[in-house]
Novice: 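Take a look at this one; I'll ask things after.
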Amino acid sequence: MRRALLPALAGALLLAGAAEAAEPPPGASSCTGCHAPVKVADSVIPRIAGRKATDIVTAMREYRSGAWPSSVMGRIAKGFDDAQIDAIAAWFAARPE
């Protein structure tokens with residue numbers, strides 16, 4: 001009987017991990033206010049879902065340092081440390097394009 005429970009338990013753990021991975025990391029909600037989850041025609045704000053995590057990390061760190069001037073992104077990026085930026089970038093990179 002215990003052997004019959006092992007596959008079910010393993011499946012439940014995998015599903016729990018997948019559900020957890022689908023949860024946005026802290027701070028990601030500040031991105032979704034402007035960066036739409038679906039393509040919006042005529043928007044000047046780019047979608048970030050599905051982009052390479054390295055590209056998102058580079059952009060966020062450059063906004064944070066002031067290397068890329070901006071009116072909004074610099075202020076938002078300054079609120080995140082490197083670990084938070086990495087987590088947010090990984091989460092958006094894993095979203096469908």
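Numbering starts at 1 and runs along the sequence shown.
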Novice: So, for M60 and F80, which heavy atoms are closest and what is the spacing to 0.1 Å?
Specialist: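 Closest pair (atom of M60, atom of F80, distance): CE-CD1, 3.7 Å.
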Novice: Where do A87 and P25 come nearest, in terms of heavy atoms and distance?
Specialist: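 For A87 and P25, the tightest heavy-atom pair comes out as O-CG, 3.6 Å.
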Novice: Measuring from atom CD1 of I76 to atom OG of S70, what distance do you get when rounded to the nearest 0.5 angstrom?
Specialist: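 Those atoms lie 8.0 Å apart.
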Novice: Is the closest side-chain heavy-atom distance between P46 and H35 below 4.5 Å?
Specialist: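 Answer yes - side chains close enough.
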Novice: Grab the two heavy atoms, one from R47 and one from P96, that are nearest each other, plus how far apart they are.
Specialist: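 Scanning both residues, the minimum pair turns out to be NH2-O, 3.5 Å.
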Novice: At what distance, to the nearest 0.5 angstrom, does CD1 of I48 lie from SG of C31?
Specialist: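 SG of C31 is found 4.5 Å from CD1 of I48.
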Novice: At their closest point, which heavy atom of I56 faces which heavy atom of A93, and how far apart are they?
Specialist: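 That closest heavy-atom pairing would be CD1-N, 4.3 Å.
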Novice: Under 4.5 Å between any side-chain heavy atoms of M73 and I45, yes or no?
Specialist: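 Not touching, per the 4.5 Å side-chain cut-off.
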Novice: Can you tell me how far apart OH (Y63) and OG1 (T58) are? Round to the nearest 0.5 Å.
Specialist: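 If we round to the nearest 0.5 Å, Y63:OH and T58:OG1 are 12.0 Å apart.
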Novice: Could you report the tightest heavy-atom contact between A89 and V57, atom names first, then the distance?
Specialist: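 For A89 versus V57, the nearest heavy atoms are CB-CG2, 3.5 Å.
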Novice: Any side-chain to backbone donor/acceptor pair from E62 onto A59? Under 3.5 Å, distance only.
Specialist: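 A pair under 3.5 Å: no.
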Novice: Under 4.5 Å between side-chain heavy atoms, hopping through other hydrophobics if needed: is there a path connecting V72 to V40?
Specialist: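 No, V72 and V40 fall in different hydrophobic clusters.
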Novice: Does this structure show an ion pair linking R64 with D82, if we count only N-O contacts that are shorter than 4.0 Å?
Specialist: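 Salt bridge flag = yes for D82 with R64.
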Novice: If I take atom CZ from residue R61 and atom CG from residue D86, how far apart are they, to the nearest 0.5 angstrom?
Specialist: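 The CG atom of D86 is 4.5 Å from CZ of R61, to the nearest 0.5 Å.
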